[in-house]
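The structure under discussion appears below in the form of structure tokens.
The residues of the chain are indexed from 1 along the displayed sequence. Both backbone and side-chain heavy atoms feed into the values below; hydrogens, waters and symmetry mates do not. Read the numbers this way: they start at 1 and go in the same order the structure lists the ligands and their atoms.
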Amino acid sequence: MPRTVITFGTFDVFHVGHLRVIERAASLGDRLVVGVSADALNLRKKGREPVFSESERLAIIGALRMVDEVFVEESLEQKREYIERYAADVLVMGEDWRGKFDEFGDICEVVYLPRTPAISTTALIEKISSSG
Ligand code: C2G
């Protein structure tokens, strides 16, 4: 049976930290499904619009060769539904979410991966906006 991995993220202003987590998630199974946060979810969660729209972020993630399928993550509360819909065997999240999704351990394996140090969308936005 092929092993399906699912992961979630905003992936705004795509950078190498995003690439590394997707590569590591893909290496844990045979098929990788990625839920990309909806613009509305982002606004609720972070209080600002992403730089790249949901359709742009979806296009970028979907074009990666490690990614087999992408979908829009409409709400954080639907995780169980998404795991079941895509028949995921493994849920991968960055360690900033450690402990938050342990409840899904009854239907899949839950893995938290370390973040790539010293890079973030917020830091990039600040760097770009102060470079002009
Ligand atoms: N990431 C990383 N290293 C960084 C930055 C990000 O490993 N330096 C990882 C995060 O841990 C996460 C993924 O990249 O696994 C996407 O990060 P975000 O876009 O910040 O995702 P987030 O807004 O936390 O959305 O359902 C949960 C949300 O959709 C997660």
Quick one: is the NZ or CZ of Lys79 closer than 6.0 Å to the six-membered ring centre of Phe8, and within 45° of its axis?
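Output yes; distance and angle both within limits.
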
Considering only heavy atoms, which of [options] lies nearest to [atom]?
atom: atom 23 (O) of ligand 1; options: Arg20, Lys46, Lys79, His15; result: Lys46
atom: atom 3 (N) of ligand 1; options: Ile61, Ile22, Thr116; result: Thr116
atom: atom 9 (C) of ligand 1; options: Leu76, Leu113, Asn42, Val21; result: Val21
atom: atom 5 (C) of ligand 1; options: Arg24, Gln78, Arg98, Arg115; result: Arg115

[atom]: nearest protein contact (heavy atom, Å):
atom: atom 29 (O) of ligand 1; answer: Glu73 OE1, 2.6 Å
atom: atom 19 (O) of ligand 1; answer: Phe11 N, 2.8 Å
atom: atom 8 (N) of ligand 1; answer: Ile119 O, 2.6 Å
atom: atom 15 (O) of ligand 1; answer: Gly94 N, 3.2 Å
atom: atom 18 (P) of ligand 1; answer: Thr10 N, 3.9 Å
atom: atom 24 (O) of ligand 1; answer: Trp97 NE1, 3.0 Å
atom: atom 28 (C) of ligand 1; answer: Lys45 NZ, 3.3 Å

If you measure from the Lys or Arg side-chain nitrogens to the Asp or Glu carboxylate oxygens, is any gap between Asp39 and Arg44 under 4.0 Å?
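Not counted as a salt bridge, because no side-chain N and carboxylate O are separated by less than 4.0 Å.
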
Does a side-chain N-to-carboxylate-O contact under 4.0 Å join Glu23 and Arg20?
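Looking at Arg20 together with Glu23, the answer is yes, because their closest N to O distance falls below 4.0 Å.
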
Where's the contact between Asp96 and ligand 1, heavy-atom distance under 4.0 Å: side chain, backbone, both or neither?
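Just the side chain.
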
Run the contact test for Ser37 against ligand 1 with a 4.0 Å cut-off on heavy atoms, strictly below, and give the result.
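Distance cut 4.0 Å: Ser37 passes for ligand 1.
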
Should the ring pair His18 and Phe14 be called parallel, tilted or perpendicular, given that the plane angle runs from 0 to 90° and is split at 30 and 60?
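Judged by the thresholds at 30° and 60°, the geometry between His18 and Phe14 is tilted.
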
